[in-house]
> 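Before we start, here is the structure in question, set down as structure tokens.
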Amino acid sequence: LEPKRHPFRVIRWVLQNKSVLKTPFCLPVSVHVKMNKYLFLSVPPQVHVKMADEAVCVGPAPTNKSYLNMDAIMDAIRKTGSQAVHPGYGFLSENKEFAKRLAAEDVVFIGPDTHAIHAMGDKIESKLLAKAANVNVIPGFDGVVEATRVILCSGGGGKGMRIAWNDDETREGFRLSSQEAASSFGDDRLLIEKFVDNPRHIEIQVLADKHGNALWLNERECSIQRRNQKVVEEAPSTFLDPETRRAMGEQAVQLAKAVQYSSAGTVEFLVDSNKNFYFLEMNTRLQVEHPITECITGLDLVQQMIRVAKGFPLLHKQEDIPINGWAIESRVYAEDPYKSFGLPSIGRLSQYQEPINLPKVRVDSGIQEGSDISIYYDPMISKLVTYGATRAEALQRMEDALDNYVIRGVTHNIPLLREIITHPRFISGDITTNFLPEEYPEGFKGHQLTSEGRRELVATAAALYVSAQLRSQRFLGNLRVSTTPQERRQWELCVELEKGSHAVAVSRSGSTFTVEVDGVKVEVSGEWNLASALLPVTINRTPRVLQCLSRDAGGDITLQYLGTQFKVRVLSQLVSTLSAHMPEKVPEDTSSILRSPMPGSVVAVSVKPGDVVAEGQEICVIEAMKMQNSLIAAKAAKVKSVHCKAGETVGEGDLLVQLE
């Protein structure tokens, strides 16, 4: 911002449905001028509040009483005397009525004009405008198609998209998508278009001012998705050649100019295997994944948005926009990746440590140790971004960052993220939006141990067990009992892992343990700080960072190794022999009961006691973090009892319906 001009007093309206927006948006965006940073928040206050000059509570957690409550937002604007509002990522960020209300009170909306929001916010109208602007659109509307895709006409973020291969799936998709549309965006209209199989999802970042200038800031590859929502993004794409990149960028700029766009925006395309690309939609706001564009171009997109809103022309020309290095973003979610690649998890962060001590690592988050992850907002914990001179360097830094990221108290998707970025197919760049279901057709099962990996994990668990035993014999560096015999140097143990048992021999020399596993010697060394959340070790001269998630006196240890949690039991030979005689717990028969797979609210219950249901019939619908999930019967049976009703809040594992 030019220092001699009168600055905005900017409300930093921070949205808890995209919590990662909180912290970076409260950081100073310019060294040239002072900007009073106001923050609109729902309860409870967290990290972002500390970084604002003032905070204004706009209501309780339910979004219709706070972040979607325009009256409360406008009252806060008047109270603070603010001149401009940055709307963040979600909620009202693409709401033309909100932008109109700001304009009516002479408050600047840091984003595009209302006509552009309206034109691009309606997916039907946006496609017609794109066609008129000579932008490639998805073909096949006039012919017979094998499948259709049901899409919300408003909103974004992958919400409400469903693929229908037959009439029944079309009816079901229409019902659930229209309900999600009404709940999340207040608009239940739907768009049906041809489904493009095995595409890549590649988007172009655009930046335009109010003087007719527009730039494309290269692309972002966003093909790694689950439920049509992005999980891992990178910039640039491994797939595009300079000619295709230029053609996509030029068409994105054509569309921006056609609607007189002014601000940062994103034009999304589907790209097939022959590099044919088709317009998908335009997001008239800042994208969650914008940091990777900032990394490779050196531009601060938030600063550019504020400059444009103030009326200044762009400082750069197209030839000034570089591609320097490679950036990768992993969306860290409070989700269980073993359930449909990620169903929401809630809870309190009992321990939280970001890997910001590592070089070229950026973490955008708005939480801290002790923060609560609730059912009311998107489950994203943070955006983890790594940068390198090459893609290989950025990937290695992402691997290290995920290993060093400590999240306790909620289930998270780091196991899935690490498996993705180390997968040979991802490393080669051979990806589509079907990557996850193709590579994990039976669902995600975590890291699959090789023989070498199994030995590494068993050896580390044995060394950790011995280290704990040795520490328990000392206090303040001295032996507890002065007459204790000389310290042991060798141990015979039994390590149980994944229904397998390994007899191991452990010997110690200083901080290094030599563990013989299945006749193979493994050398493990480290500081063995049992109070640390991280467990950095060197295994056969290879550095690793593990995490000890839990450890008890009975020898049960949970280790996070290569991103995945493994339960290990380390026992002495005698205890191992005796434990074979202990009875095993009989698992619950889950075919006769329906439990909630996630925390959320009950939208509808379709059965009552005495009803006869068929296998696969819908029992109830649970809404969690803006997504509706239909729960079905596992077998044909009579309903014995119903333990929930519409409007109730349920927790993960709560009993919903019992069958006879």
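Because only heavy atoms are used, hydrogens play no part in the values below, and waters and symmetry mates are left out as well, while side chains stay in.
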> Do R246's NZ or CZ and the ring of F277 fall within the cation-pi criteria of under 6.0 Å and 45°?
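Negative - R246 is either too far from the ring of F277 or too far off its axis.
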
> Might you point out which heavy atoms bring T297 and N218 nearest each other, and give the distance in Å?
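Minimum heavy-atom contact is CG2-ND2, 3.9 Å.
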
> Are F444 and F341 an aromatic pair, judged by ring center distance below 6.0 Å?
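Ring-ring flag for F341/F444: false, centres at least 6.0 Å apart.
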
> So V271 and P199, do their side chains get closer than 4.5 Å, heavy atoms only?
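In short, these two side chains do not touch, never coming nearer than 4.5 Å.
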
> Evaluate E125 against H118 for side chain to side chain donor-acceptor pair (under 3.5 Å), listing each step before the verdict.
CA-CA 9 Å; E125 184 174 344; H118 172 76; 3.3 Å; yes

> Check whether any side-chain heavy atom of L215 sits under 4.5 Å from a side-chain heavy atom of V253, and report yes or no.
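Side-chain contact under 4.5 Å: no.
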
> What are the two closest non-hydrogen atoms of I117 and A99, and how far apart are they?
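So the minimum-distance heavy-atom pair works out to CD1-CB, 4.1 Å.
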
> If you take all heavy atoms of P344 and M598, which pair is closest and at what distance?
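The answer is O-CB, 3.8 Å.
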
> Tell me whether the count of non-hydrogen atoms from other residues, nucleotides or ligands lying under 6.0 Å of CG in D241 goes above 12.
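Yes, the 6.0 Å shell around CG holds more than 12 heavy atoms from other groups.
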
> Would you indicate whether the side-chain heavy atoms of E94 and Y89 approach each other to under 4.5 Å?
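Y89 vs E94: side chains apart.
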
> Could you state the interatomic distance from CD1 (I110) to NZ (K310), rounded to the nearest 0.5 Å?
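Answer rounded to 0.5 Å: 10.5 Å.
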
> Counting distance only, does the side-chain N/O of R200 pair as donor-acceptor with the main-chain N or O of F239 below 3.5 Å?
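No, because the side chain of R200 does not come within donor-acceptor range (under 3.5 Å) of the backbone of F239.
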
> Any salt bridge linking E289 with R331? Criterion: basic side-chain nitrogen under 4.0 Å from a carboxylate oxygen.
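Yes, charged N to carboxylate O under 4.0 Å.
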
> Using side chain to side chain contact (heavy atoms under 4.5 Å, CB included), reason through R226 and E335 one step at a time and then give a plain yes or no.
CA-CA 12 Å; R226 52 97 179 93; E335 289 183 338; 2.7 Å; yes

> When you measure from the side chain of R391 to the backbone N and O of A327, does any donor-acceptor pair fall under 3.5 Å?
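Checking the backbone N and O of A327 against the side chain of R391, no donor-acceptor pair under 3.5 Å is found.
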
> Does any N or O in the side chain of D122 come within less than 3.5 Å of the main-chain N or O of A119, such that one atom is a donor and the other an acceptor?
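No, D122 side chain to A119 backbone: no donor-acceptor pair under 3.5 Å.
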
> Is it true that a side-chain atom of S340 and a backbone atom of G342 form a donor plus acceptor pair closer than 3.5 Å?
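No, because the side chain of S340 does not come within donor-acceptor range (under 3.5 Å) of the backbone of G342.
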
> Would you give the length of the straight line joining atom CD1 of I296 to atom CD1 of I323, rounded to the nearest 0.5 angstrom?
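CD1 of I323 is found 5.5 Å from CD1 of I296.
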
> Could you check if a side-chain atom of E233 sits within less than 4.5 angstrom of a side-chain atom of Q287, using non-hydrogen atoms only?
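They are not in contact (no side-chain heavy atoms under 4.5 Å apart), so the answer is no.
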
> Quick one, V232 and L417 - any side-chain contact, counting heavy atoms below 4.5 Å?
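Yes, close enough: below the 4.5 Å cut-off.
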
> After noting the C-alpha distance and the side-chain angles of E250 and R245, does the key distance pass the salt bridge (Lys or Arg N to Asp or Glu O under 4.0 Å) rule?
CA-CA 9 Å; E250 288 174 352; R245 176 179 295 115; over 6 Å; no

> Could you pull out all donor-acceptor pairs under 3.5 Å where a side-chain atom in residues 202-210 meets a protein atom, sequence neighbours excluded?
from	atom 1	to	atom 2	distance (Å)
E203	OE1	K230	NZ	2.8
E203	OE2	R220	NE	2.7
E203	OE2	R220	NH2	3.1
Q205	OE1	R220	NH1	2.8
Q205	OE1	R220	NH2	3.1
Q205	NE2	G265	O	2.9
D209	OD1	H211	N	2.9
D209	OD1	G212	N	3.3
D209	OD1	N213	N	3.0
D209	OD2	N213	ND2	2.8
D209	OD2	L314	N	2.9

> Can you tell me which residue pairs pass the salt bridge (Lys or Arg N to Asp or Glu O under 4.0 Å) test with a partner in residues 59-85, sequence neighbours excluded?
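Residue pairs passing salt bridge (Lys or Arg N to Asp or Glu O under 4.0 Å), neighbours aside: D71-R101, D75-R78, R78-E105.
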
> Side chain to side chain contact (heavy atoms under 4.5 Å, CB included) between V603 and I622: does it pass, once the steps are laid out?
CA-CA 6 Å; V603 175; I622 302 294; over 6 Å; no

> Taking only Lys NZ, Arg NE, NH1 and NH2, and the carboxylate oxygens of Asp or Glu, determine whether E294 and R362 approach each other closer than 4.0 Å.
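Salt bridge between E294 and R362, a charged N being under 4.0 Å from a carboxylate O: yes.
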
> Minimum heavy-atom separation for S382 to S365, with atom names?
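In this case the closest contact between S382 and S365 is CB-CB, 3.6 Å.
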
> Given side chains that start at C-beta, do those of V85 and L102 come closer than 4.5 Å, heavy atoms only?
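A side-chain contact exists here, since the closest heavy-atom pair is under 4.5 Å.
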
> Mark yes or no for whether Q318, through its side chain, and W216, through its backbone, hold a donor-acceptor pair below 3.5 Å.
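Yes, because the side chain of Q318 sits within donor-acceptor range (under 3.5 Å) of the backbone of W216.
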
> Donor-acceptor pair, distance only, cut-off 3.5 Å: does the side chain of S93 make one with the backbone of R285?
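Judged by distance alone, no pair lies under 3.5 Å.
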
> Verify, without hydrogens or angle tests, whether Q225 (side chain) and C222 (backbone) share a donor-acceptor contact under 3.5 angstrom.
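Here the side-chain-to-backbone pair exists.
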
> When you measure from the centre of the six-membered ring of F435, is the NZ or CZ of R425 closer than 6.0 Å and no more than 45° off the axis?
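Output no; distance or angle outside limits.
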
> So, D113 side chain and H115 main chain: donor-acceptor pair closer than 3.5 Å or not?
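No: the side chain of D113 does not pair with the backbone of H115.
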
> Which pair of non-hydrogen atoms, one from Y261 and one from T284, has the smallest distance, and what is that distance?
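Heavy-atom minimum between the residues: OH-CA, 3.2 Å.
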
> Does a side chain donor of either N283 or E268 reach within less than 3.5 Å of an acceptor in the other side chain?
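Yes.
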
> If you measure from CZ on F269 to CZ on F279, what distance do you get to the nearest 0.5 Å?
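Output value for this atom pair is 7.5 Å.
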
> Do you know the tightest heavy-atom contact between V137 and A130?
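Reported closest heavy-atom pair: CG1-CB, 4.0 Å.
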
> Parallel, tilted or perpendicular, judged at 30° and 60°: which one describes the rings of Y377 and F91?
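Rings of Y377 and F91: perpendicular, as their planes differ by over 60°.
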
> Quick check against the 3.5 Å criterion: does Q254 have a side-chain atom that pairs as donor or acceptor with the backbone of A133?
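Yes, the answer is positive, given that a donor and an acceptor are paired below the 3.5 Å cut-off.
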
> Could you tell me whether the side chain of E219 and the main chain of S237 form a donor-acceptor pair under 3.5 Å?
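Yes.
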
> Check whether any side-chain heavy atom of I224 sits under 4.5 Å from a side-chain heavy atom of F426, and report yes or no.
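Yes, at least one pair of side-chain atoms sits under 4.5 Å.
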
> Side-chain contact test, heavy atoms from C-beta onward, threshold under 4.5 Å: evaluate it for V332 versus K383 and give yes or no.
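V332 vs K383: side chains apart.
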
